[in-house]
There are 2 protein chains.
Amino acid sequence: MTTSSYAVLALLNLRPWTGYELTQQAQRSLRYAWPKSERLLYSEPKKLVELGYATTHKEKSGNRSRNVYEITTEGREALGEWTRSRTQPPRIEIEVLLRLLFADHGSTKDLRRALDELEADIREHHDAIIELMASYLDGGHPFPERTHLSVLFATFQIEVFKTIERWIEFARHEIDDWPTTQDLRITPRTEALTRLLADDRHP
Amino acid sequence: MTTSSYAVLALLNLRPWTGYELTQQAQRSLRYAWPKSERLLYSEPKKLVELGYATTHKEKSGNRSRNVYEITTEGREALGEWTRSRTQPPRIEIEVLLRLLFADHGSTKDLRRALDELEADIREHHDAIIELMASYLDGGHPFPERTHLSVLFATFQIEVFKTIERWIEFARHEIDDWPTTQDLRITPRTEALTRLLADDRHP
DNA sequence: CACAATATACTGCAATATGCAGTATATTGT
DNA sequence: ACAATATACTGCATATTGCAGTATATTGTG
């Protein structure tokens, strides 16, 4: 049982889902905490069935069938064990920052473009989650009694996205002052901010 | 060529490294932008050699040998292509937030513990990067002429870590007000913050 | 100075996860 | 009527992880 297995099990604990519905739900909300491929979301429930944590049956809509998955009592027990287990450390992959680290191999233009692309991605996520929250505040949550969880979760995402957007602005101003990507050693703006951030931590 | 391959190639562009050194460097600084396993860091340079982007030779220290990798001209060209290519979207995996989303299956105590563990992990990273930056500000960067890049990169990490630490404080207060993890619908504190964050975006 | 602990320096392998192509039916829009 | 899009998956090659295993070098401690 991987974390992804538990994620699917936790969804099945709410109601029965078809494979396709699981992929859609993963895309709509899970992805902000646990981004996984569509492919995996089709595989996981099958594994749960093998382990006895879910049952499956085919449902027909016309000439086409789909697999419906339901949690079992053992599945609910397994979920309880997960809740009590140790958590995993967070993992943050930002390719654009990798490019920044090695930006002296390219031009300032390349670096600016990379930042613009990061900004577009973050903005997209930010907009999507703001919209989702707006619908939740209007009472549109699919499980109204669970709204408090989704909303607390969303405040995390929104605060992080805002921070990233602010940093991109800062970084853009900084880079605009660079004549080239190379040989600058340290610059006044980054030195000032770094000292501020460090003092803030160990005054 | 994967992004991880380019990450190693970018390191080789600075100087020759042994396999072991690459794993250490990945652990020290790359991990904040591109966290990859030690195992992969041993495999990637071999792939680069196969592709002609690096050369390798064995060096002996006593009775033990180690593999030293060096970039080739073709490798430097490949690196240039990467710089000009499209970036990848960021990917943020936080298992504790997945637990939050499904926290109604467990107790408030489980949820609090999960937040404590997240806080410990973030604090550890935060401390590590503050310390690294302090040494850089003192002129201790391994490639002094590249300090501006590391420092700008670090400001990102530190701002994000600070935001997460603040959110954990907020979430702790919120959860302390919950009599249970279930059936709360929306709460005043989260509703207020969500409206604030949404207005902040679309005033 | 002996010896334990830790650091250096990897490799093999099973399990996990991704991305893409392929297949087919149902619904919606023009 | 027909094209585009949504629904509903599966197979396969490749990427990545985690863990166990192997071996030598260095450092710290009693």
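First the proteins, then the strands, lettered A, B, ... as listed; each starts at 1.
OP1 and OP2 of D:dT14 both lie 4.0 Å or more from every side-chain N or O belonging to A:R39. In this model, the phosphate group of C:dA9 is approached by a side-chain N or O of B:R66 to a distance below 4.0 Å at OP1 or OP2. A close approach under 4.0 Å does not occur between any side-chain nitrogen or oxygen of B:Y42 and OP1 or OP2 of C:dC10. Side-chain nitrogen and oxygen atoms of A:S4 include at least one within less than 4.0 Å of the OP1 or OP2 phosphate oxygen of C:dA17. At D:dA8, none of the side-chain N or O atoms of A:N67 fall inside 4.0 Å of OP1 or OP2 (strictly under the cut-off). Checking the phosphate oxygens (OP1, OP2) of D:dA8, no side-chain nitrogen or oxygen of A:S65 falls inside 4.0 Å. OP1 or OP2 of C:dT8 has at least one side-chain nitrogen or oxygen of B:Y20 nearer than 4.0 Å. Taking 4.0 angstrom as the limit, A:K46 places a side-chain polar atom (N or O) nearer than this to OP1 or OP2 of D:dT10. Between A:T23 and D:dA8, a side-chain N or O to OP1/OP2 separation shorter than 4.0 Å is absent. OP1 or OP2 of D:dT7 has not a single side-chain nitrogen or oxygen of A:T18 nearer than 4.0 Å.
B:T18 places no side-chain N or O within 3.5 Å of a backbone atom of B:N67 that could act as its donor or acceptor partner. Side chain of A:W17 to backbone of A:L11: a donor-acceptor contact under 3.5 angstrom is found.
If you check every strand for non-hydrogen atoms under 4.0 Å, B:E59 touches nothing. Residue A:P45 is out of contact with every strand shown, counting any heavy-atom pair closer than 4.0 Å. Among the protein residues, A:S43 comes within range of no part of the nucleic acid, since none of its heavy atoms lies under 4.0 Å from any strand.
Side-chain contact check for A:F102 versus B:Y6: every heavy-atom pair is 4.5 Å or farther apart.
No more than 12 heavy atoms of other residues, nucleotides or ligands lie within 6.0 Å of CD in B:E131, so this atom counts as exposed by the packing criterion.
Across every strand in view, C:dT28 sits in a pair with D:dA3 that passes the Watson-Crick or G-U test at under 3.5 angstrom.
The distance between the ring centers of A:W82 and B:H105 does not fall below 6.0 angstrom.
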